[in-house]
Amino acid sequence: MRGSLSAAMEATWDEVWLPLSKIQGQAEVFFSELVAATVDQPQEPEQPRAGPEAYSKKGKLIDANAIQARNDYKKALNRFAKSQVKWSDAVAGRRAPSYFRNHLRTVSDEAEAIALIEKSFGAFLELDNSNALLESHINLIETFFRKYNIDYRLKVMPLRKGGHDIHVCESIVGATRKLLTGLENFSSSDAVINKYYTKFERSFHELRQGANEDRIEACLINQFMLMEAVGIRAAGLDRANFNKACEQIKWPHSAMKDIAKRIYGIRGDLAGVAHASNLLSGHQKLELRDFVSLSTIIAAITPVLIPDLDISILEDTQRTSASTLE
């Protein structure tokens, strides 16, 4: 995913953790504390239990599925034993840097990546009496987010009792990117919507050849057509116009419905779809700035038109943070 943290976790080794270890001055101690704080101890696999029907009269396991489950368990138990030794060694300060670096390569889930960053702030309580390491830690993470266009920022809040409460929070840019990515994903799942989305995207790319008024209007017209198609789909209608679809859509406030209709009304003044009377009434020449403004407003209506659109942003849940830094 574009802007995701999990996709860039391996790069944090050179950008964050290695520089921090040099500041702290004791690499094995530094990384052993980091492993203990951020990497969960391996859990022993649960032994499968077979019912009496899986055994012969002589007590031999004969059920094929039960035999497979037993074999899988033995393999999992072997993997657990090896991973437990490696984790224990790393926490004890033996080969901790290489263990942690290898762990970074295994992080593929966004929630796991966020949790690792948040947990890392509580790793150095015994190593950082002056908070100098914490300040460097915060600066390196923030710099990393910006350098790699990661869609998060750190929220650092001093606590009354001392220390800090630190969380990874969605940035405004990230929330906007998620909105547009959600629209793209939604379009790809619907052949009709995808047709309009492709036309809009193609006309948007043509602005690179020169953002004159004709291209700007063509791009807006295609976005309005996409908006109308999405609205009709959202209303559960097969054939309708946007205004009719708006009456069927559940709006959080009636004013939003009026705004959507008024914005869509601009379409009638654009060359190529407008009546002559509309064109003669005149409007100021459209510039790229106008396109960005109108296009953003149209996109902002999308979450209402597509209730299932994935635009979830991170909430302050019970994830482990550095709230214990005192």
Side-chain angles (χ1 to χ4, degrees), residues 1 4-13 16-18 20-21 24 26-128 137 141 165-168 312 314-326:
M1 177 181 172
S4 71
L5 176 59
S6 56
M9 279 305 289
E10 190 173 351
T12 60
W13 173 260
V16 178
W17 313 117
L18 198 57
L20 271 178
S21 70
Q24 194 274 330
Q26 297 175 289
E28 284 293 348
V29 174
F30 174 89
F31 283 107
S32 66
E33 294 288 344
L34 196 56
V35 170
T38 64
V39 183
D40 293 334
Q41 183 175 358
Q43 297 297 308
E44 184 174 351
E46 184 177 351
Q47 186 173 2
R49 298 185 181 279
E53 68 280 358
Y55 294 87
S56 67
K57 293 181 179 180
K58 295 183 179 181
K60 182 180 179 181
L61 190 64
I62 57 173
D63 182 80
N65 291 331
I67 293 173
Q68 183 63 52
R70 182 188 60 184
N71 293 338
D72 291 342
Y73 168 72
K74 289 180 178 179
K75 292 177 182 178
L77 195 62
N78 186 50
R79 289 194 299 269
F80 161 73
K82 292 179 179 179
S83 61
Q84 176 66 24
V85 170
K86 291 180 180 179
W87 183 87
S88 298
D89 282 348
V91 170
R94 294 185 290 272
R95 297 180 293 280
S98 60
Y99 180 91
F100 185 74
R101 188 173 190 180
N102 288 332
H103 176 70
L104 291 176
R105 298 187 178 112
T106 69
V107 176
S108 58
D109 178 77
E110 196 71 2
E112 183 183 2
I114 292 166
L116 187 149
I117 296 295
E118 290 185 336
K119 290 177 181 179
S120 70
F121 285 101
F124 315 118
L125 301 180
E126 303 298 327
L127 306 177
D128 186 26
H137 194 170
I141 292 291
D165 188 27
I166 303 176
H167 292 284
V168 177
S312 57
L314 295 179
E315 299 177 350
D316 246 0
T317 60
Q318 299 300 314
R319 291 192 306 271
T320 303
S321 69
S323 57
T324 55
L325 285 175
E326 299 178 359

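All residue numbers refer to positions in the sequence shown, counting from 1.
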Look up atom [atom1] in [X] and atom [atom2] in [Y], then write down how far apart they are to the nearest 0.5 Å.
X: I166; Y: F121; atom1: CD1; atom2: CZ; value: 5.0 Å
X: E46; Y: Q43; atom1: CD; atom2: CD; value: 12.0 Å
X: E112; Y: T38; atom1: CD; atom2: OG1; value: 9.5 Å
X: L34; Y: S21; atom1: CG; atom2: OG; value: 9.5 Å
X: I117; Y: L5; atom1: CD1; atom2: CG; value: 5.5 Å
X: Q47; Y: K74; atom1: CD; atom2: NZ; value: 10.0 Å

Derivation and outcome, side chain to side chain donor-acceptor pair (under 3.5 Å), residues S88 and Q84: CA-CA 6 Å; S88 298; Q84 176 66 24; 3.2 Å; yes
Which atom pair, heavy atoms only, marks the closest approach of [X] to [Y]?
X: P45; Y: F80; result: CD-CB, 3.7 Å
X: A96; Y: E28; result: N-OE1, 3.2 Å
X: W17; Y: I141; result: CH2-CD1, 4.5 Å
X: L61; Y: A50; result: CD1-CB, 4.1 Å
X: V168; Y: E118; result: N-OE2, 2.8 Å
X: S6; Y: E110; result: OG-OE1, 2.8 Å

Parallel, tilted or perpendicular, as decided by the 30° and 60° cut-offs, for the rings of H103 and F100: tilted
A side-chain contact here means heavy atoms from C-beta on lying under 4.5 Å apart; do [X] and [Y] qualify?
X: K86; Y: N102; value: no
X: E53; Y: D63; value: no
X: Q68; Y: N65; value: no

R105, CZ atom: more than 12 neighbouring heavy atoms under 6.0 Å: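 Enclosed: over 12 neighbouring heavy atoms sit under 6.0 Å from CZ of R105.
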Sidechain-backbone polar pair: S56 side chain, K60 backbone, donor-acceptor under 3.5 Å: yes
Stepwise side-chain contact (heavy atoms from CB on, under 4.5 Å) check, V39 with V91: CA-CA 10 Å; V39 183; V91 170; over 6 Å; no
